[in-house]
Visitor: 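What follows is a single structure, and I will ask about it in a moment.
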Amino acid sequence: MTARPCSWLHRSARRSRASAAQHERVVRALVAVAEQGDSRGLTRMLHPGVVLTVDGGGIVAAPAAALEGAPDVGGHLRGVLLDEVVSLRVESVNGVPGIVVCREGRVTGVLSISVRGRLILEAWLVSNPEKLTHWSC
């Protein structure tokens, strides 16, 4: 994995509440459930109070405010990660494992998470194409 600049996500590296190995296990498990199309599995990975911030930059559709709670966050992540035409790759995001989302050969999102134990506590999704120019599929 190679580190890539993504300052908007910088907070995730500071807030991680799990060991590096545990963090990577959660990220890889998230990719696995997404690739299997396991909607329930994805929801089970979310802390009940999970928060998701999405940066669409006003260019792509994104929630106007942070989403809170497993039902809302899970619904949004299902739409991004469980799509049959996307491919997911684990890559370093500000020094911690994150997920690069590709669609039709171009990066459409970079997801960074903060975990507590085996659960996702916070997530940040950059989908603003202007901030994804340094990423490739």
Visitor: Which distance, rounded to the nearest 0.5 Å, do you find between the CG of Leu119 and the CE of Met45?
Guide: 8.0 Å
Visitor: Kindly give the heavy-atom pair with the smallest separation between Val54 and Ser127, and that separation in Å.
Guide: CG1-OG, 3.9 Å
Visitor: How far apart are the closest heavy atoms of Val90 and Val31, and which atoms are they?
Guide: CG2-CG2, 3.8 Å
Visitor: Rounded to the nearest 0.5 Å, how far apart are CG of Asn128 and OG1 of Thr133?
Guide: 9.5 Å
Visitor: How far does CH2 of Trp124 sit from CG of Asp55, to the nearest 0.5 angstrom?
Guide: 13.5 Å
Visitor: Would you check if Leu125 and Val110 make a side-chain contact, meaning some heavy-atom pair closer than 4.5 Å?
Guide: no
Visitor: At their closest point, which heavy atom of Val107 faces which heavy atom of Ser136, and how far apart are they?
Guide: CG2-C, 3.6 Å
Visitor: Taking all heavy atoms of Val93 and all of Ser112, pick out the closest pair and write down the distance.
Guide: CG1-CB, 4.2 Å
Visitor: With the side chain counted from C-beta on, respond yes when Ile113 and Glu122 share a heavy-atom pair under 4.5 Å apart, and no when they do not.
Guide: no
Visitor: Taking only residues two or more places apart in sequence, or in another chain, which ones meet Leu82 in a side chain to side chain contact (heavy atoms under 4.5 Å, CB included)?
Guide: Ala34, Ser39, Leu42, Arg78
Visitor: For the residue pair Leu30 and Ile99, what are the closest heavy atoms and their distance?
Guide: CD2-CD1, 3.6 Å
Visitor: At what distance, to the nearest 0.5 angstrom, does CG of Leu52 lie from CD1 of Ile120?
Guide: 10.0 Å
Visitor: Closest approach of Gly105 and Cys137, non-hydrogen atoms and distance?
Guide: C-SG, 3.7 Å
Visitor: Can you tell me how far the NE2 atom of His23 sits from the CZ atom of Arg25, to the nearest 0.5 Å?
Guide: 11.5 Å
Visitor: Hey, what do you get for CG (Leu121) to CZ (Arg116), rounding to the nearest 0.5 Å?
Guide: 5.0 Å
